Every structure is written in structure tokens, then in C-alpha cells.
Student: 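Before I ask anything, let me first share the structure, which is written out below as C-alpha cells.
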Amino acid sequence: MAKPSIPQGTRDFSAETIRKRNHILSTIRKVFELYGFEPLETPAMENLETLMGKYGEEGDKLIFKILNNGLNDPKNIDKAREGFDKLLEGKSTPSLTERALKYDLTIPFARYVAMNHGQLTFPFKRYQIQPVWRADRPQKGRYREFTQCDADVVGSTSLINEVELINIYHQVFTQLGLEQYELKINSRNILLALAEACGGADKLIDITVAIDKLDKIGLEKVKIELQQRGLNENQIVTIEKYLSIAGNNVEKLAAIEDLLGKNIHTSKGIEELSFIVHHASNTHLAIDFTLARGLNYYTGVIFEAKAPAAVQMGSIGGGGRYDNLTGLFGVPNIPGIGISFGVDRIYDVLEELQLFPASIQTNTKALFFNMGENESLFAFDVLQQVRAQGIACEMFHETSKLDKQFKYAEKKNIPYVVIIGSAEIEKKECVIKHLLTGKQENISLTQLSSFLQ
RNA sequence: GUGGUUGUAGCUCAGCUGGUUAGAGCACCAGAUUGUGAUUCUGGGGGUCGUGGGUUCGAGCCCCAUCAUCCACCCCA
């Protein structure tokens, strides 16, 4: 029997981890609900054709495909062989695989909207908290199975949605104690205007891929990459000017107008960004013209939430406006916008910055010490009365050294210890000790429940 | 998918150019002493050195493969 193991990039979650994850998840869920979003869940797997082609060429490679069953059935064998030949050429084929694990929550959501648009009330606001899978090579902050928390609004072009989603980011991160996060925004329209100024919209992807790397590889290397991607010197000069735009949000908007002039895309982009900058109550909001974001379905404003610079984690959330996502599924003219939180990375960041409150580690309010056979039976009755008041508590399972009982409480992060020995029984009181402060006092048994409340 | 790093006890690691029964700290367990987490004292359990091959008289150490890990690229949450 081989040693038991789990697939690369997946994890088991222990009680402690789950509590911490739930802390994040419930914070996000509450904020989503506060803004009127409603829950949705979709299957772990989708039809492969639903997913293919939606995330770009690289994305297609990272989709986990599920092998069809029954390939060895005599009536399927020929097709399976044929399919295998295609597979070796790098093409997936329905004769081998027709289903895949979902890669994100946005595309399944778009599929859902396309299937149900007749029944939905627009604007439709949904949130979704589910695992997704990517066949990426794991490293720090990157897993093959991870949880996304998405909130999307479809059926509205109002920029108020952008503002609200930005406020959601702010509220969630603030509540989690992640004060130093950064929210970058940009607009695809600005990027499009830049591409047009540099030889045409078909250069958009080449330009964005290169400039997105600015803070990572530096200006000189970006210029080299632009050159390799076929941009001429004049165009690179324009891009260099574009990249050198600095200042506060208002100054940046003025500068971009100077540089790119008054064409339709520039004005659209500026209109979007300035509306948001003026209405979002978020000091962490920074316009960043180098922000590109890979997914090619975005058409308007794009976001990226970054972890505090102190931790090397990068993106902990992202999103943007897509004006025709359901069009991919045959239902045109439903505009939408969405954001996503990456729970697993947020977890890693909070862990590194030690931002998880100790109180989330247990429900148990108090541990009753076991001071002997008779004492423990007496204490047990007291304990039941406390539980009847809805206060979670437990008693140490056997009489043993106080040392050991203290350690148990400490390990389970139980805040209070209740000691009822023969002396206390006589006086109808107990010793209650707060483990964090080390302070203890004697209180009467009748007051115990209200003390712990 | 490409290139690299690491893998020794529950945890953090040591183990010199391959040489007897593989070590430390912490943790854990038992006992002594204590109606209060500490300190102290005594004793104890634990590892087929990630896995599988190979070279060698002999492998934790060298070679190959494999799995996992972390890092860079790619991409992204």
C-alpha cells in the first residue's frame, strides 16, 4: 500500500484553518448581503465547451478536463483512438472529454444568466463562494484548488455599481484588519485609446501584456519587450510617456487627456474613472494606467486588489466590467460587472501579518477543571446549568494535574477556566480565571452564567 | 508547460571529503514536588533519513527516476 497522499496543489483543512477561513468567508458574505447580493451556487463541473476559449489560449491549457467514462466500450474505441491522436496534437476533443472543472465563477455565472435570463429580475446581483480549479503549477499563494468569492451585477451600466463594488472591497478588507491594502483601477477604454494611438487596436494585447510588467521588470525591459512585439520607436516613445504619468488620481486623469487627446475611448475612460474617483469613499483607491488584467472579456473599468506591500503576495482580488459576457452564450446585450476575492491568498496574508483574532479559534467559553471524582460530578451539574444558558463550555475529561488541564485550555484557546474543588463546593462558589490576563476571582455559582455571558 | 531549490523525530534544524547501534533544541508521555499554567529534578517513547531503483565491501551523503515543496518564467486569486 502506497503512502496516502493528496494531489499536488490541494490541501486538507484542519479545525484551526477552517475557523480562520470561516472568519474570512463570513466577513465577505455579510458584506455582500449588506449590499443586496443574493447567493448562487453552480456545479463543480461544466461542459467543456462552456469554458473553452473564454480565458485565452493560456487559460484553456489550465482548465482541468475530465476524461469521459466508457472509452473502452467497443462502440467508442475507434473514436477514442482518433481523439487521442488529436490530443497529442494539443487539441481536446469531445470523444475524450466533454466536461471540465470550473476555472472561475464568472463564466459559469454568465452561463447561468444566459440560461435563466427570462426568470431573473434585473439588475441581477448575485454572490458566489465556491472552489475553482486550475492546472497551474503551485507555488506560494497559488493552489490548484482554491476558493473564490465573487459578486456580480448584470443588467446595469450604471457606474454606481463600480462605486459600490469598490466600497465592498474597502469594507471587507477593513473588517479583516487589512488596512494597508491597495486597490488599483484602470479602464480598458484608456488602454484601447493607447493602443489606437500606437498603431491600432490589434496591438492592444501586445501592449497590455508588456506594460503590465512595469513594476516587476522595469521600464527598460518593458521597452525591449514592446520592441520584440513589433512596436516602432515612435510608438514606444508614446508608451513611455504614458507610463511616466504620475501624481494623484486627478492629476493622472488630466495627464492622460493631454497625452491621448479627445477621442471616444479616452473620454469614455476618463468619464468612468473620474466618476468613480469622486464617488468612492476609499482612500486606498489608486488609478494605475499600467494595470491590464489578462482576461479578455473585460470592456470597461478593471480592478485589482493588492496585498500590503510588506507581504509578497500580489493580487488578492480582481474584477471589472464586461459588457457582453452572456453574448458568448447567445444572449446579447446584458452588461455586467463583477469582483472577486481570493480567499486562500487573503488567508496567507492575514496569517503572515498575524491578523486573525484569537477569539475565532474556539466557541468554548470556559473549561471546567476536573478536581476529583466527587468534585467533578458537582462541577458537571454546574456546567449543565451554564450550557442551558447557551454558553459553550466543556469539562476536562479526567482528573489530572492542573498543569495538563491548563495546557488543554490554552491549546484550544478557551478564554476562561472554572475551578470547583471541595473548598468551593462548601462555599457554593467557584474560581474563575481568565487565561490571557492571568487574573482570577472567586464568584458565587449563581453568578457564573451571567459572568460568562 | 519551461528552468531551478529543498525533502532527516510532531516542529525547527545539525549530520565534516560515503565508514560501526542517526543527533540537538523545542514539543510530547510517565514520575517527584506544588490548589494555579512557570521553574527544577528523574525517567521515557518516538525517524526503514520523501519514495523506488542503481553505484559501492559499505549510502542520510554519490547517480537516475518519481512524488511533494518552494522560487523564477508563463499566467493569475
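Every chain is numbered from 1 and lettered A, B, ... according to where its sequence line falls, protein lines coming before strand lines. These numbers come from a predicted model, not from an experiment.
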Student: Begin from the C-alpha positions of Arg11(A) and Asp344(A) and carry the test salt bridge (Lys or Arg N to Asp or Glu O under 4.0 Å) through to its verdict.
Tutor: CA-CA 11 Å; Arg11(A) 296 148 299 158; Asp344(A) 304 82; 2.7 Å; yes

Student: Output the rounded distance in Å from CD1 (Ile24(A)) to P (A77(B)).
Tutor: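 My rounded result for the distance is 17 Å.
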
Student: Considering only the C1' atoms, how many Å lie between G3(B) and G10(B), rounded to the nearest integer?
Tutor: 34 Å

Student: Would you state whether a donor and an acceptor, one from the side chain of Arg345(A) and one from the base of C76(B), lie under 3.5 Å apart?
Tutor: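 Side chain to base: pair found, below 3.5 Å.
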
Student: With sugar-phosphate meaning primed atoms plus P, OP1 and OP2, does Leu435(A) contact a base, only sugar-phosphate, or nothing at under 4.0 Å between heavy atoms?
Tutor: base

Student: Below 3.5 Å, does any donor atom in the side chain of Arg134(A) face an acceptor in the base of C75(B), or the other way round?
Tutor: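 It does not, because no donor-acceptor pair links the side chain of Arg134(A) to the base of C75(B) below 3.5 Å.
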
Student: For Lys213(A), report the nucleic acid contact type (base, sugar-phosphate, nothing); a contact means any heavy atom under 4.0 Å.
Tutor: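 Sugar-phosphate: the residue Lys213(A), judged by heavy atoms under 4.0 Å, touches backbone atoms but no base.
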
Student: Over how many whole Å does the gap from Tyr103(A) atom OH to C76(B) atom C1' extend?
Tutor: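 Taking OH of Tyr103(A) and C1' of C76(B), I get 7 Å after rounding.
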
Student: Please verify the inter-ring angle class for Tyr416(A) with Phe451(A); under 30° counts as parallel, over 60° as perpendicular, anything in between as tilted.
Tutor: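 Perpendicular.
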
Student: Give one of base, sugar-phosphate or nothing for Glu58(A), where a contact means two heavy atoms less than 4.0 Å apart.
Tutor: sugar-phosphate

Student: Using a 4.0 Å heavy-atom cut-off, does Gln440(A) contact any base of the nucleic acid, only the sugar-phosphate backbone, or nothing at all?
Tutor: base

Student: For G1(B) and C67(B), measure between their P atoms and round to the nearest Å.
Tutor: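 To the nearest whole Å, 10 Å.
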
Student: Measuring only the C1' atom in each nucleotide, how far is U17(B) from A24(B)? A whole number of Å is fine.
Tutor: 24 Å

Student: Is the shortest distance from a Lys or Arg side-chain nitrogen in Lys412(A) or Glu16(A) to a carboxylate oxygen in the other one below 4.0 Å?
Tutor: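 Salt bridge: no.
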
Student: Using a 4.0 Å heavy-atom cut-off across all strands, classify Asp403(A) as base, sugar-phosphate, or nothing.
Tutor: sugar-phosphate

Student: Can you check the Tyr181(A) OH to A77(B) P distance for me, whole Å?
Tutor: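 From Tyr181(A) OH to A77(B) P: 18 Å.
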
Student: Over all strands shown, is Gly59(A) touching base, sugar-phosphate only, or nothing at heavy-atom distances under 4.0 angstrom?
Tutor: nothing

Student: Of the listed nucleotides (G37(B), C29(B), C76(B)), which one gets closest to any side-chain atom of Phe406(A)?
Tutor: G37(B)

Student: Under 3.5 Å for both donor-acceptor distances, Watson-Crick or wobble: does A65(B) have a partner, and if so which one?
Tutor: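 Per the H-bond distance test, U51(B).
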
Student: Does a side-chain N-to-carboxylate-O contact under 4.0 Å join Glu164(A) and Lys125(A)?
Tutor: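 Salt bridge flag = yes for Lys125(A) with Glu164(A).
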
Student: State which of U2(B), G35(B), A77(B) makes the closest approach to the side chain of Ile419(A).
Tutor: G35(B)

Student: Below 3.5 Å, does any donor atom in the side chain of Gln8(A) face an acceptor in the base of U69(B), or the other way round?
Tutor: no

Student: Mind checking if Ser400(A) touches a base, just sugar-phosphate, or nothing, with heavy atoms under 4.0 Å?
Tutor: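 Result for Ser400(A) = nothing.
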
Student: Can you check the Arg229(A) CZ to C74(B) C1' distance for me, whole Å?
Tutor: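 Computing the Arg229(A):CZ to C74(B):C1' distance gives 11 Å.
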
Student: When we call it a touch if two heavy atoms are under 4.0 Å apart, what does Gly9(A) touch: a base, just sugar-phosphate, or nothing?
Tutor: sugar-phosphate

Student: When the ring planes of Phe32(A) and Tyr127(A) are compared, do they come out parallel, tilted or perpendicular, using 30° and 60° as the limits?
Tutor: tilted

Student: Ring centroid separation for Phe341(A) and Phe173(A), is it under 6.0 angstrom?
Tutor: yes

Student: Taking the nucleotide of RNA chain B with the nearest heavy atom to each, does Pro138(A) or Lys404(A) sit closer to the 5' end?
Tutor: Lys404(A)

Student: What is the distance from NZ of Lys401(A) to C1' of U39(B), rounded to the nearest Å?
Tutor: 13 Å

Student: Is it true that Tyr55(A) and Tyr103(A) have ring centroids separated by less than 6.0 Å?
Tutor: yes

Student: Rounded to the Å, how far apart are Asn370(A) CG and G35(B) P?
Tutor: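 Taking CG of Asn370(A) and P of G35(B), I get 17 Å after rounding.
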
Student: Applying a 4.0 Å non-hydrogen cut-off, can you work out what Val431(A) is touching in the nucleic acid: base, sugar-phosphate, or nothing?
Tutor: base

Student: Check whether any side-chain N or O of Gln139(A) sits under 4.0 Å from OP1 or OP2 of A72(B), and answer yes or no.
Tutor: yes

Student: Return the nucleotide paired to G45(B): Watson-Crick means purine N1 to pyrimidine N3 with N6-O4 or O6-N4, wobble means G-U with N1-O2 and O6-N3, both under 3.5 Å.
Tutor: none

Student: With respect to the side chain of Lys411(A), which nucleotide from G35(B), C28(B), G37(B) is positioned closest?
Tutor: C28(B)

Student: Expressed in angstrom and rounded to an integer, what is the separation of Lys184(A) atom NZ from A77(B) atom C1'?
Tutor: 15 Å

Student: Taking any strand in view, what nucleotide pairs with C75(B) in a Watson-Crick or G-U wobble way, both distances under 3.5 Å?
Tutor: none

Student: Over 60° means perpendicular and under 30° means parallel, so tell me whether Phe303(A) and Tyr169(A) are parallel, tilted or perpendicular.
Tutor: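 Phe303(A) and Tyr169(A): perpendicular rings.
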
Student: Quick one: on RNA chain B, does Glu424(A) or Ser340(A) contact a more 5' nucleotide (nearest heavy atom)?
Tutor: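 Final value for this comparison: Glu424(A).
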
Student: Using the C1' atoms only, state how far C61(B) lies from G25(B), rounded to an integer number of Å.
Tutor: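 About 23 Å, rounded to a whole number of Å.
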
Student: Ring-on-base stacking between Phe341(A) and A77(B), under 5.5 Å between centres and under 30° between planes: is it there?
Tutor: no

Student: The side chain of Leu62(A) lies closest to which of these nucleotides: C75(B), A38(B), G35(B)?
Tutor: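 Given the options C75(B), A38(B), G35(B), the side chain of Leu62(A) is closest to C75(B).
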
Student: Could you give the NZ-to-C1' distance, from Lys221(A) to C73(B), as a whole number of Å?
Tutor: 12 Å

Student: Once you apply a heavy-atom cut-off of 4.0 Å, does Ala135(A) come out as touching a base, just sugar-phosphate, or nothing?
Tutor: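 Result for Ala135(A) = nothing.
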
Student: Closest to the Lys433(A) side chain: A77(B), U36(B), C71(B)?
Tutor: U36(B)

Student: Gly421(A) near the nucleic acid: base, sugar-phosphate alone, or nothing, with a heavy-atom cut-off under 4.0 Å?
Tutor: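 Result for Gly421(A) = base.
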
Student: Categorize Tyr143(A) for me: base, sugar-phosphate, or nothing, with a 4.0 angstrom heavy-atom threshold over every strand shown.
Tutor: base

